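Below: one structure, written as structure tokens.
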Amino acid sequence: MPYIIKSAVKSIYRDKWINLLSMLAIGSSLLILLITFLLVFNFHIATSRLPELFSLVVYLKDNLSEDETKKIITQLQGRNDVDGVKYLSKADALVEFKKTVKSAGVILEGLDENPLSSYIEIKLKKEYVSRPSVESISAEIKNINGVDEVYFGEKIAETIYFLKKSSQAVSIFLFIIVSIVVIFISHSTVKILFFRKKEEIEILKLLGATNGFIRAPFVLEGGILGVLGGIIAITSTAIIYLLIKYKLGTVIPVFEGIVLPWQIMPLSVLISLILGVIGSLIAVGRIRI
Amino acid sequence: MVIFNNVVKYYENLKVLRDISFQITKGEMVFVTGPTGSGKTTLLKLIYLAEKPDEGEITVGDFKVTSLKKSEIPYLRRNIGIIFQDFKLIKNMTVFDNVALSLRIKKEKDIKNLVYEALKKVHLRHKADSYPKILSGGEQQRVVIARAIVAKPELILADEPTANLDPNTATAIMQLINEINLQGTTVIIATHYRELFRNTWKRILRIDEGNLIERA
Ligand SMILES: Nc1ncnc2c1ncn2[C@@H]1O[C@H](COP(=O)(O)OP(=O)(O)O)[C@@H](O)[C@H]1O
Ligand SMILES: [Mg+2]
């Protein structure tokens, strides 16, 4: 139906200002959505990685045999709150120490014997990284024969736990806001498409046009506007993302790690296409003459 | 062609048409008159179902308007050419496209020739590519007439077709409508302007306080 396509394209060009406005409306609402998503997504990534940074350090007594050490390791590995363990012998501990402390050579100079203890580093499963559970786990481990001391960063455990909990709350809160935004976008898109074309649709109906005849070019138009609005939104999002990463990131390093999942781009365009189409459909259906 | 049987129409509490009955045969030309606000436009709207009667029955050609399904309304309207008082031209379409709409809606072929033929009848062929807003009131009125006649409907409704025109243009428009009628199209003209039917021998239906009075 070349008339439909011609009519839609012509109409978009003729009403270029109001169309630009509709596009900006769809685009900016979608932009709000995308930025919100970007924030939540990155906050979520950041907080879900935090527990990985946390570890328990289990110092072993000095005079353990190889068998006894192995027994402790297997016992720790068998715990259902433990994700992984790493054993470092006295020699390993020394290498590790020299690696992390630059002046280690000077400090250790003159000591015949390796002063470090062998230790086991434990990574806990994410859900156990909270202060109360870490405390009880370390108390349990301390009671194992051959274990000298258990260390963990109390404050870190507490902070991680707090961030994780607040990340959930923030996500739920943002999800509610986003839902409201989505409803608002859908509503205003319909309204814009409706008022933009009200008069024309009315005239077409009075001339005897069926809903089908009216719908086709309007839906096509709504779809095109939606897609263009979506492109505005993803372009702006990409620009904002790049600015945060490469401009703000050089000043505040935290922002360098910001992640934008690119799959969201085509999805956004699809969403705004659907918005435009449904908006037009509702707009045509609303006129009763 | 058009039959009203005991038609009553209210707007909320306002009883505009009280008990209207009349019959218009095919090929007739009839004036509907009465002072402004008497219900002339309302009577025309009932014919093309822009308004529904509260009581009574209306028949237009083969359509029983009062019991028409919603999906059938477009097909009723395609048989009626309407000359709207407020023109109802689509302002961002050219004269050609506005006139062509009536044909496109009916999925007619040969659109170009038919549109130019209709525009020639109203002496506006040279304005085919103009947009309505640069045309004078009389020219816009003629575009509306071209759009109403282009698909060759059986019935033409004209609501105050000379309202915004100077006397000379008004006469020309009336001549045009007369010609359309002479070719066999039924025409109903709603007007409060007595000059239009002063010297006519055609039927005149006057709405007076919601009742219809016929003058032969
Ligand atoms: N949609 C409407 N809602 C309420 N009142 C209306 C509506 N349309 C017309 N009226 C009223 O009905 C009366 C008849 O109007 P109308 O048919 O336009 O008269 P005319 O065409 O003879 O001037 C007027 O009093 C007008 O104010
Ligand atoms: Mg009127």
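Below, chain A is the first sequence line, B the second, and so on; all start at residue 1. What you are looking at is a predicted structure, and each value in this text was computed from that prediction instead of being measured.
For the residue pair Leu204(A) and Ile105(B), the shortest heavy atom distance occurs at O-CD1, 3.9 Å.
Residues Glu200(A) and Lys91(B) are not in side-chain contact: their nearest non-hydrogen atoms beyond the backbone lie 4.5 Å or more apart. At a threshold of 4.5 Å between non-hydrogen side-chain atoms, the residues Leu206(A) and Phe84(B) count as touching.
When heavy atoms are compared at a cutoff of 4.5 Å, Arg147(B) approaches chain A solely by way of its side chain, counted from C-beta outward. When heavy atoms are compared at a cutoff of 4.5 Å, Lys45(B) does not approach chain A at all. Heavy atoms of Asn79(B) lying under 4.5 Å from chain A are absent altogether. For Leu76(B), no part lies near chain A; criterion is any non-hydrogen pair under 4.5 Å. In this structure, the portion of Ile82(B) lying under 4.5 Å from any heavy atom of chain A is its side chain and not its backbone.
More than 12 non-hydrogen atoms from other residues, nucleotides or ligands lie less than 6.0 angstrom from CG of Asp110(B). Other residues, nucleotides and ligands place more than 12 heavy atoms under 6.0 Å from the NZ atom of Lys125(A).
The list of ring pair (Phe, Tyr, Trp, His ring centres under 6.0 Å) pairs with a residue in residues 113-143 of chain B, not counting sequence neighbours, reads Phe96(B)-Tyr116(B). The list of side chain to side chain donor-acceptor pair (under 3.5 Å) pairs with a residue in residues 227-255 of chain A, not counting sequence neighbours, is empty.
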Would Asn211(A) and Lys70(B) count as a side chain to side chain contact (heavy atoms under 4.5 Å, CB included) here? Give the steps.
CA-CA 11 Å; Asn211(A) 274 347; Lys70(B) 218 179 159 192; over 6 Å; no

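Under a 4.0 Å N-O distance rule, the pair Lys88(B)/Glu199(A) does not qualify as a salt bridge.
To the nearest 0.5 angstrom, Lys205(A) atom NZ is 9.0 Å from Ile73(B) atom CD1. For the atom pair Leu101(B) CG and Phe213(A) CZ, the distance stands at 6.0 Å (nearest 0.5 Å).
At distances below 3.5 Å, not a single donor-acceptor pair connects side-chain atoms of Arg77(B) with backbone N or O atoms of Leu207(A).
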